[in-house]
Amino acid sequence: MAMEIFTVGRGQEGYPERLMPFADMPSRLFVRGALPADEQKTAAIVGARICTAYGKSQAAFFAQVLAANGVAVISGMACGIDAAAHEGALRGKGKTFAVLGCGVDICYPKQNYSLMRRMLENGGGVLSEFPPGAEPLPWHFPIRNRVISALADVVLVIEAKEKSGSLITADYALEQGKTVFALPGRTTDATSRGCNRLIAQGAEIAISPETILEELGVKKAGTKRAAPRPRYGKEAEMVLKTLAAEPQNLAQLAGSTGIPLQELTGILLALEIDGVIAENPPGVYMALS
């Protein structure tokens, strides 16, 4: 995944125009791959790291439809909702970009290495205000969220607890004058309370990807949710066969199939998006009949 790191400073050619109106934006960005084009519509999709199968599938679905209609998807490459959004954008044959809380020479979390590689290969990019070698320190992530929202024309929050980094992103977006959408959820679900609170406070309800395309002024190109793949690769078929016999967690699956964890997480997400497996309870995967 070798790709040259370049730096662009505020005021220099190539520095994102969307960041220029805001005084608190980074004085320079470190980039691998590309930056979102100033003329391309963008949407940030963010949410909980520990999320439900429903949240993952919705993040991927919204991202897939948006990307298929020419909207670049911005997120933070974290586990859970972020990774699902990046995956969905790739399935929609679109570009997706991650704002990292570490140096762009570091893949964090490590299990998203394959995802990061595919994002770069597909014309997207990863960027950070932190220099190469900077570790993913906890305080880096709340402040990087202001860049995620600033790069986006709209922000969609999918599953967030009442105290969540995703709500920090939403707050930044509102301060920046961006439209915030939230996916509604059951009042009894902890991961939906943050989204429901945003809606109560005036956020737009994310009824469908079309509501976001309409906000962006993008005419839908007639895309629809992809049907489950009729056939999978050998390793994915092995995962399905294993889960059909018995629900297993990630560690058990890795032991049963011999598939490396980094690759296994990508396979599981793809199968979840297609609706052929589910994570229930959290951390345990089962095949759906």
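Computation of the quantities below employed the complete heavy-atom set of this structure, encompassing side-chain atoms and omitting hydrogens, waters and symmetry-equivalent molecules.
- For Arg28, there are no salt bridge (Lys or Arg N to Asp or Glu O under 4.0 Å) partners two or more places apart in sequence or in a different chain.
- With sequence neighbours left out, the ring-ring contact (aromatic ring centres under 6.0 Å, His included) criterion links Tyr15 to no other residue.
- With sequence neighbours excluded, the residues that form a side-chain hydrogen bond (donor to acceptor under 3.5 Å, both in side chains) with Glu129 are Arg146.
- In this structure Ile168 satisfies the side-chain contact (heavy atoms from CB on, under 4.5 Å) test together with Pro142, Asn145, Tyr172, sequence neighbours excluded.
- With sequence neighbours left out, the salt bridge (Lys or Arg N to Asp or Glu O under 4.0 Å) criterion links Lys56 to Glu272, Glu279.
- In this view, Glu121 and Arg117 satisfy the salt bridge (Lys or Arg N to Asp or Glu O under 4.0 Å) rule, not counting sequence neighbours.
- Through side-chain heavy atoms spaced under 4.5 Å, either directly or across other Ile, Leu, Val, Met, Phe, Trp or Tyr residues, Leu137 is tied to Phe130, Trp139, Ile143.
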Side-chain donor-acceptor pairs of residues 39-49 under 3.5 Å, sequence neighbours excluded:
residue : atom : partner : partner atom : Å
Gln40   : NE2  : Gly70   : O            : 3.1
Lys41   : NZ   : Leu216  : O            : 3.4
Thr42   : OG1  : Arg18   : NE           : 3.4
Thr42   : OG1  : Leu151  : O            : 2.8
Thr42   : OG1  : Asp153  : N            : 3.0
Thr42   : OG1  : Asp153  : OD2          : 3.4

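- Listed by chain and residue number, nothing satisfies the side-chain hydrogen bond (donor to acceptor under 3.5 Å, both in side chains) test with Thr265 (two or more places apart in sequence, or in another chain).
- Residues meeting the salt bridge (Lys or Arg N to Asp or Glu O under 4.0 Å) test with Arg193, sequence neighbours left out: none.
- For the 3.5 Å distance criterion, the side chains of Thr257 and Glu235 fail to qualify, holding no donor opposite an acceptor.
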Kindly list each side-chain donor-acceptor pair under 3.5 angstrom involving residues 199-207, sequence neighbours excluded, with atom names and distances?
none

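- For the side-chain hydrogen bond (donor to acceptor under 3.5 Å, both in side chains) test, residues two or more places apart in sequence or in another chain that qualify with Asp82 are Ser75.
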